[in-house]
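Report on the structure given below.
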Amino acid sequence: MERTELQKEKIGVELKGIKAINPVNNEEISVWVADYVLTGYGTGAIMAVPAHDERDFEFAKKFDLPIIEVVKYSGVPALAGENLPKGRTPERAYAGEGTAVNSGFIDGLSTAEAKEKITKWLEEKHIGKKSVNYKLRDWVFSRQRYWGEPIPLVYCEKCAKRKPKILLIHGLGGNPQENWFPWFKKQMEDRSYEVIIPDLPKSETLYPKDWLNKLAKLNITSNDDLFVVGHSLGGPAACQFILKNNLPVHKLILVAPVGKSSDWQHLKQYDFSDKEIATIARFGNVPVDFVKLKNLVTESTLYFSEDDPYIPLKIKNDYEDLDGAVRIFKDKKHFGSHWGITELPDILEEFLTSLNFGWVPVSEKDLPVELPKVKKYEPTDTGESPLAAIEKWVKTKCPKCGGEARRETDTMPNWAGSSWYFMRYTDPKNKKEFASGKNLKYWMPVDWYNGGMEHNNLHLLYSRFWYKFLYDIGAVPKECGDEPYKKRTSHGLILGEGGEKMSKSRGNVVNPDDIVARFGADTLRVYEMFMGPFEQAIPWDEKGVVGVFRFLERVWKLQDKLKVKSDKLKVAVESPKLERLVHQTIKKIGEDIEAMKFNTAVSALMILVNEMAAQENLPITNYQLLITLLAPFAPHLAEELGEKFGNKKSVHLEKWPEYDPKLVVEEEIDLIVQINGKMRDSVRVKADIGEEEAKKFATESEKVKKWIEGQKIKKIIFVKGRLVNIVV
RNA sequence: GCCGAUGUGGCGGAACUGGCAUACGCGUGCGACUCAAAAUCGCAUUCCCGCAAGGGAUUGUGGGUUCAACUCCCACCAUCGGCACCA
């Protein structure tokens, strides 16, 4: 843990008397024990490249080790002024790509070429081989809590002790003593598994029935727990054996199995006779009922090797319908002792980690598993879930053997249940399935999903997993696509007054219910929109809420300006200025909503309301427009006002108003006059004023005259509809 | 340390594609209404100098490009978030 502390100074000690030899140039390298190397990653032993890795550089500098440059920055300085990546300096390692230097036969190559060449060279000399390291992080889904969805598994001691029989079927002309078979048998027997490797008939001409008859004599029945391995010709034989005898198999592994998509003529070069080739083809061509096989086999894996001289890689397509995992090796040839393959650790690992028979799924008719109804639940001392202490619930019967079993007491995190609710929403009353294909097709994917930061980290991860899983098993129709959402956004946090994150311990939590009780839901809603940019974290400000409240009150009070409607002498006169502003506001709010700039949309509404309030009296048409514009922001108020002023149906069903493009542009503008880029005056002019006229106005302005007096005008810049800049 | 984001009045923030910096709201001050207070309405409000007219400075800091920079370029600083030495 100590090494994760900030900026820890590197320490190290040299292993005197030990040197490593660089296998490429046979030079000696000193060996050090250092504390900045992660033991858990790779072998825990590393080769340091001081000139091109920051940490190695630091280490080398501290202990005065040679720093040899082997990569030179070689970018082309394309455009003048473009910032170049920096190369190595005495203060800093260069970690980028470039051209190899001081590197013998790879000098002059680019980083990518050099990597390729040196890898190939090492492989040819059998000094090393290419490998890929993956960065993985452990991820725990379960939680030690009372609440949360129970995981429907029980643990049965009796079932855990069950050891399946392992049946291994060898290949053409094979026997139990060849290849990795004896090693595998011993490994598994050491772990008290029963391993059967029958010695099957050898002959140039063989028929599948020759082998199947012999296998039938083994007395393997469907009551046996079974693992099956088939090597080469034993692959198709294994499939047929399982199918013919209806044997449930926990795990099937086919190692370089024979398939149907080859004519096997290439085997001649390896001294296979025509009869042997015919035998192989005969085994490979027997049709396999993969649907049935899949039902019998719980899990399956196929092993192939890229350099297998006998089995071409394309054979894996013959087994596609088995839906098994496929593992492709680079250098295992035909997985035989002939090529020195007398051990196969991968297969051992696969069995040992594959199935734990102690864990038995709750049978479908007993789903869902519900939490026990108890008066109280308390944490345990053992670190187990509180559920573990509720003995009555924990003890149950094993669905498999009927013996005593214990339930899983961890539960799923509460995110689990919320990972697919949006699909259920499409068909919430469906009793047969979580949602019908028809409804899913209609609604999914979600057009727009918004949530906070937490949502983006966790819910996004889980819900996509859930969705993709349901999609893969066909529960979500293909038409919906393999992603649950079209668009995702996340809103910012509302911080407590004072700018810190709201939390009970800080005592700065604001309860929205209180705000609603005091100011109404509309005020809260408009305030949240108004407080700042959507995605930004902003402190709560109670005084700001008051401002929004006043704004909504002002909207309400505007009704007073409509009273004159009945007075014929004072019929509301439409103000051209207001008319223009109304249309500009329609445009602005429409655009702002699209761009999720709700704060400026509210601001535009406020400006409009201020202008309306400044009128002697207000045309009802303008007020009705305001109500419509207000609807997305203050839905309750807008609905009530809408009903009061002539709406037959809900204001929320109304069409968004259209603006008149002619009214959006101003007729007159304030033309800015600058001297050397500084604003000195502004002139009220027609918006479409031309260059000559504008310059005339500008130079004739009294204020401007004062500034240019006695100065030489170098040039005058005119920006249409905006300004005139006089350079003196 | 690396990666990312952000930095504009007393505060939340606005500014299209480089073209009036500080919209809108809060707060504050003054005034109207009131016996008084609250509410409401009006005016003012970036800072500095000035009674005023007016002038100067200003978008984290320093520099650059441009007639013109919150906006583009370079360097630096600070704050927030993520990651934890994965060679």
Side-chain angles (χ1 to χ4, degrees), chain A residues 1 3-10 34-50 52-59 79-84 93 95 133-137 453 456-457 492-495 497-501 526-533 535-551 553-554 557 588 591-592 595 597 599-610 613-614 669-683 703 706-707 713-728:
Chain A
M1 290 311 285
R3 81 179 36 168
T4 61
E5 276 168 25
L6 277 174
Q7 262 181 288
K8 193 168 176 293
E9 180 86 351
K10 290 174 179 46
D35 71 334
Y36 71 96
V37 176
L38 295 180
T39 50
Y41 184 76
T43 57
I46 65 151
M47 166 199 72
V49 188
H52 305 287
D53 178 85
E54 258 178 71
R55 299 163 300 260
D56 294 344
F57 182 83
E58 233 176 89
F59 189 80
L79 299 163
E82 194 173 302
N83 193 40
L84 300 175
N133 274 341
Y134 296 96
K135 287 191 216 174
L136 288 174
R137 208 169 254 275
M453 268 335 216
N456 264 13
N457 292 340
L493 217 56
I494 297 178
L495 306 172
E497 234 156 353
E500 283 185 305
K501 209 170 161 176
V526 176
Y527 174 63
E528 287 193 326
M529 289 170 135
F530 181 62
M531 58 199 298
E535 69 292 347
Q536 199 171 300
I538 298 162
W540 177 264
D541 179 16
E542 170 114 8
K543 298 218 180 84
V545 181
V546 175
V548 169
F549 182 68
R550 284 204 275 246
F551 159 68
E553 275 197 321
R554 212 171 310 152
K557 277 192 235 152
K588 169 124 181 87
E591 289 169 355
D592 279 356
K597 291 163 79 172
N599 55 334
T600 50
V602 173
S603 155
L605 267 178
M606 286 173 168
I607 292 168
L608 179 64
V609 168
N610 287 348
I669 54 148
D670 290 312
L671 185 76
I672 302 304
V673 185
Q674 295 181 330
I675 315 285
N676 288 346
K678 266 213 162 299
M679 205 271 268
R680 293 300 174 190
D681 197 11
S682 74
V683 205
K703 283 183 190 164
K706 213 177 77 190
W707 282 93
I713 295 174
K714 278 200 211 142
K715 67 172 154 178
I716 302 178
I717 287 151
F718 171 69
V719 181
K720 196 165 164 42
R722 288 197 188 273
L723 57 77
V724 172
N725 188 11
I726 303 168
V727 188
V728 296

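In what follows, chains carry the letters A, B, and so on, assigned in the order in which the sequence lines appear, proteins first and then strands, with residues in each chain numbered from 1.
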*Could you please spell out the steps behind the side chain to side chain contact (heavy atoms under 4.5 Å, CB included) verdict for A/Lys715 and A/Val727?*
CA-CA 5 Å; A/Lys715 67 172 154 178; A/Val727 188; 4.1 Å; yes
*Can you list the steps and then say if A/Ile669 with A/Arg722 is a side chain to side chain contact (heavy atoms under 4.5 Å, CB included)?*
CA-CA 8 Å; A/Ile669 54 148; A/Arg722 288 197 188 273; over 6 Å; no
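Taking atom P on both nucleotides, B/A44 is separated from B/A23 by 12 Å, rounded to a whole Å. Here, B/G9 and B/U22 have their P atoms 14 Å apart, quoted to the whole Å. Between the C1' atoms of B/C49 and B/C41, the separation comes to 34 Å (whole Å). Here the separation of B/U28 from B/U17, taken at their P atoms, is 36 Å to the nearest Å. One P atom belongs to B/C76, the other to B/C26, and the distance between them is 42 Å to the nearest Å. The gap from the P atom of B/A68 to that of B/U58 amounts to 15 Å, rounded to the nearest Å. Separation of the P atoms belonging to B/C70 and B/A57 is 13 Å when rounded to the nearest angstrom. Taking the C1' atom of each, B/U46 and B/U40 are spaced 28 Å apart, rounded to whole Å.
With rounding to the nearest 0.5 angstrom, the CG atom of A/Leu723 is 12.0 Å from the CG atom of A/Asp670. Here the CD1 atom belonging to A/Ile672 is positioned 8.5 Å from the CG atom belonging to A/Asp681, to the nearest 0.5 angstrom. Between the CG atom of A/Asp541 and the CG atom of A/Leu495 there is a distance of 12.0 Å, given to the nearest 0.5 Å. Separation of atoms CD1 (A/Ile716) and CD1 (A/Ile726) is listed at 5.0 Å; rounding is to 0.5 Å. Rounded to the nearest 0.5 angstrom, A/Lys588 NZ and A/Thr600 OG1 are separated by 4.0 Å. If you take CG on A/Asn599 and CG on A/Asp592, they are separated by 8.0 Å, rounding to the nearest 0.5 Å.
Neither OP1 nor OP2 of B/C24 sits under 4.0 Å from any side-chain N or O of A/Arg554. Considering only side-chain N and O atoms, A/Arg550 lies under 4.0 angstrom from the phosphate OP1 or OP2 of B/U40. For A/Trp707, a side-chain nitrogen or oxygen approaches OP1 or OP2 of B/G55 to under 4.0 Å.
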*asked:* Please encode protein proximity along nucleotides 11-18 of chain B as a string of B, S and -, counting only heavy-atom distances under 4.0 Å.
replied: -BSSSB--
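Counting heavy atoms from C-beta on, the side chains of A/Asn676 and A/Trp707 never come closer than 4.5 Å. In this structure the side chain of A/Tyr527 never reaches within 4.5 angstrom of the side chain of A/Val602, judged on heavy atoms.
B/C85 is unpaired under the Watson-Crick or G-U wobble criterion, no partner having all donor-acceptor distances under 3.5 Å. Nucleotide B/C30 forms a pair with B/G42, judged by Watson-Crick or G-U wobble geometry with both contacts under 3.5 Å. Using the Watson-Crick or G-U wobble rule with both distances under 3.5 Å, B/U65 pairs with nothing in any strand shown. Shown here, B/U6 forms a base pair with B/A78; the pair counts as Watson-Crick or G-U wobble because both key distances fall under 3.5 Å. For B/C16, there is no paired nucleotide, since no Watson-Crick or G-U wobble pair has both relevant distances below 3.5 Å. The partner of B/C11 is B/G25, judged by Watson-Crick or G-U wobble contacts that both fall below 3.5 Å.
Of all nucleotides listed (B/A23, B/G25, B/G27), B/G27 comes nearest to the side chain of A/Lys543. The nucleotide whose nearest atom lies closest to any side-chain atom of A/Met679 is, among B/C24, B/C20, B/G54, B/C20.
Syn is the glycosidic conformation of B/G9, whose angle stays within 90° of 0.
Residue-environment remark: NZ (A/Lys703) stays at or below the threshold of 12 foreign heavy atoms within 6.0 Å.
Taking atom NZ of residue A/Lys706 and atom P of nucleotide B/A53, one finds them 12 Å apart after rounding to whole Å. As a whole-Å value, the separation of A/Glu535 CD from B/C80 C1' is 15 Å. Rounded to whole angstrom, the span from the CG atom of A/Leu671 across to the P atom of B/G19 amounts to 16 Å. Counting to the nearest Å, the P atom of B/A21 and the CZ atom of A/Arg680 are 10 Å from each other. Distance, A/Asp56 CG to B/C86 P: 9 Å, rounded to whole Å. For the pair A/Lys703 NZ and B/C20 C1', the interatomic distance rounds to 13 Å; values are reported in whole Å.
Across every non-hydrogen atom of A/Asp56 and A/Met47, the tightest pair is OD2-O, 4.3 Å.
When heavy atoms are screened at a 4.0 angstrom cut-off, A/Leu723 is found touching base atoms of the nucleic acid.
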Within the sub-3.5 Å range, which N or O atoms of nucleotides 43-46 of chain B have a protein N or O partner, and how far apart are they?
none

Interface polar pairs with nucleotides 65-67 of chain B, N/O, under 3.5 angstrom:
residue, atom, partner, partner atom, Å
B/C67, O2', A/Asn725, ND2, 3.3
B/C67, O2, A/Asn725, ND2, 2.6

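Heavy-atom distances to RNA chain B give each of A/Val602 and A/Ala48 a nearest nucleotide, and the one nearer the 5′ end belongs to A/Val602. Nearest-nucleotide positions on RNA chain B place A/Lys557 closer to the 5' end than the other of A/Lys557 and A/Met47.
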